[in-house]
Trainee: 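Below you will find the structure I want to go over with you.
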There are 2 protein chains.
Amino acid sequence: MFTLRESTITSVPPAQLAAWRAFLEAHAHTTEILSRELKAEEDLPLSWYDVLVHLNEADDHQLRMQELADRILLSKSGLTRLIDRMEREGLVLRSACPSDRRGTYAELTPHGLETLRRSAPTHLRGVRDHFASLLTEEEAEVLESALDRIAAAAREAAQGSR
Amino acid sequence: MFTLRESTITSVPPAQLAAWRAFLEAHAHTTEILSRELKAEEDLPLSWYDVLVHLNEADDHQLRMQELADRILLSKSGLTRLIDRMEREGLVLRSACPSDRRGTYAELTPHGLETLRRSAPTHLRGVRDHFASLLTEEEAEVLESALDRIAAAAREAAQGSR
DNA sequence: CAGTAAACATTGCAGAGACAATCAATCTTC
DNA sequence: GAAGATTGATTGTCTCTGCAATGTTTACTG
């Protein structure tokens with residue numbers, strides 16, 4: 001009889017499984033805290049901050065909706081609504097893409113830039129206090145390279161199923 | 001003049017900031033993929049799987065609502081609705097706590113246990129393929145200890161604000 | 001160059017979660 | 001041991017998100 005317990009077939013080594021669980025816990029807790037702090041101190045949702053950061057890093061402070069959705073890891077429709085809300089508050093604006101009339105740019109406004117500059121210290125302090133300062137230099141390097149590898153693999157795998 | 005740029009005051013070292021970004025990316029992509037795979041192959045939401053795992057690990061296959069909510073990192077009301085849905089499908093059931101009549105247990109049913117056993121290989125394979133197999137033994141150990149530390153600190157910090 | 005296919009963004013809809021208010025039971029304290 | 005505070009869970013309501021369908025524009029193909 002070829003009786004094997006399922007757990008034998010698809011097991012994950014204990015150290016790796018523990019790493020996976022720690023990964024989930026750490027993410028849930030840290031993002032929760034950073035989100036609360038940003039909301040409490042700057043009245044800014046973390047998702048808005050994320051949009052501001054990515055637009056600020058882009059050429060001309062603008063990005064195509066599709067591209068921005070990919071970068072902040074949100075669905076297209078999710079981004080449409082998010083930009084709706086932020087546009088209502090004057091943090092971003094939509095502009096037509098001249099070369100492709102289907103396309104739309106989301107663009108940072110001066111008010112959006114100012115909001116980002118005002119909020120960044122709060123967020124960066126949070127990242128430092130709740131994440132960066134708890135890592136040694138060596139650990140940070142290991143995390144970065146290992147997690148980059150994982151993110152890259154996942155991005156490719158996701159591409160296939162989309 | 002004591003003019004310091006804000007970024008000087010609250011900066012995060014590049015290696016740590018890169019680690020933070022890789023952390024966010026890796027989490028978003030891997031959970032997305034695992035969730036899709038579990039949904040596609042077992043028609044089970046990841047949040048349901050998570051409940052099944054934690055109940056399975058608990059004594060008598062049951063946990064107080066509060067305790068379960070803490071473990072799966074969900075709000076109390078969120079868990080109430082989640083257990084509603086799972087109870088409707090017969091995967092769990094509610095039972096009264098004998099010692100405290102305010103309390104409610106969520107308890108694994110045989111069908112729930114069977115569903116867990118059926119789904120576990122899919123999930124574990126996903127964790128292995130998209131996470132564990134991409135780490136060396138040393139990396140896994142570093143991740144576990146570093147992320148445990150971060151999770152523990154965040155848990156304490158969150159406790160204060162609740 | 002006509003006709004189909006693909007890409008971009010938005011909209012309708014429904015699922016899922018958080019917060020605050022509520023109800024019931026237990027604990028505290030005088 | 002009664003009044004008030006606290007705890008456990010649920011419910012009402014609102015926000016956010018994803019999926020599928022839609023309208024519009026562009027790209028491909030015979």
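In the text below, chain A, chain B and the rest are named by the order of the sequence lines, each starting its count at 1.
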Trainee: Donor-acceptor check, side chain of A/E139 to backbone of A/T136, threshold 3.5 angstrom: yes or no?
Mentor: yes

Trainee: Where the side chain of A/T104 is concerned, which of C/dA9, D/dT10, C/dA16 is the nearest nucleotide?
Mentor: C/dA9

Trainee: Could you pick out which residue, B/L82 or A/G103, lies toward the 5' side of DNA chain C when each is mapped onto its nearest nucleotide?
Mentor: A/G103

Trainee: Rounded to the nearest Å, what distance is computed from the CZ atom of residue A/R85 to the C1' atom of nucleotide D/dT17?
Mentor: 9 Å

Trainee: Roughly, in whole Å, what's the span from CG in B/D70 to P in D/dA9?
Mentor: 10 Å

Trainee: Salt bridge (Lys or Arg N to Asp or Glu O under 4.0 Å) with B/R125: which of B/E37, B/E41, B/E42?
Mentor: B/E41

Trainee: Report the distance from atom CG of B/L44 to atom P of C/dA16, rounded to the nearest whole Å.
Mentor: 12 Å

Trainee: Side chains of B/E141 and B/L135: closer than 4.5 Å at any heavy-atom pair?
Mentor: no

Trainee: Is it possible for you to say whether A/I72 and A/V92 belong to one hydrophobic cluster, with membership spreading through side-chain heavy-atom contacts below 4.5 Å?
Mentor: yes

Trainee: Using whole Å, report how far CG of A/D50 lies from P of D/dC16.
Mentor: 15 Å

Trainee: Looking only at atom types and distance, does a side-chain atom of B/T109 sit under 3.5 Å from a main-chain N or O of B/L91, one as donor and one as acceptor?
Mentor: yes

Trainee: Would A/Y49 and A/L113 show up in the same hydrophobic cluster when neighbours are defined by side-chain heavy atoms closer than 4.5 Å?
Mentor: yes

Trainee: Write out a two-atom table: protein N or O, nucleotide N or O from nucleotides 20-29 of chain C, distance below 3.5 Å.
Mentor:
residue : atom : partner : partner atom : Å
C/dT26  : OP1  : B/R101  : N            : 3.0

Trainee: Tell me which of A/E32 and B/P45 sits closer to the 5' end of DNA chain C, going by the nucleotide each one is nearest to.
Mentor: B/P45

Trainee: Would you say the side chain of B/L44 lies within less than 4.5 Å of the side chain of B/K39, judging by non-hydrogen atoms?
Mentor: no

Trainee: Between B/R36 and B/E32, does at least one N-O distance fall below 4.0 Å, as a salt bridge requires?
Mentor: yes

Trainee: Within the structure, does a side-chain N or O atom of B/R36 lie under 4.0 Å from either OP1 or OP2 of D/dC19?
Mentor: yes

Trainee: Within residues 55-67 of chain A, which residues have any heavy atom lying less than 4.0 Å from an atom of DNA chain D?
Mentor: none

Trainee: Measure the distance from CG on B/L73 to C1' on C/dG17 and round it to the nearest whole Å.
Mentor: 14 Å

Trainee: Could you tell me how far apart B/M86 (CE) and C/dG15 (C1') are, to the nearest whole angstrom?
Mentor: 16 Å

Trainee: Treating A/S35 as the side-chain partner and A/L46 as the backbone partner, does any N or O pair qualify as donor plus acceptor under 3.5 Å?
Mentor: no

Trainee: Separation of B/W48 atom CH2 from C/dG15 atom C1', in whole Å?
Mentor: 12 Å

Trainee: Mind calculating the distance between CD1 (B/I83) and P (D/dA9) to the nearest angstrom?
Mentor: 11 Å

Trainee: Nearest to the side chain of A/R81 - C/dG12, C/dT10, D/dT10?
Mentor: C/dG12

Trainee: Indicate, with a heavy-atom threshold strictly under 4.0 Å, whether B/L74 touches base, sugar-phosphate, or nothing.
Mentor: sugar-phosphate

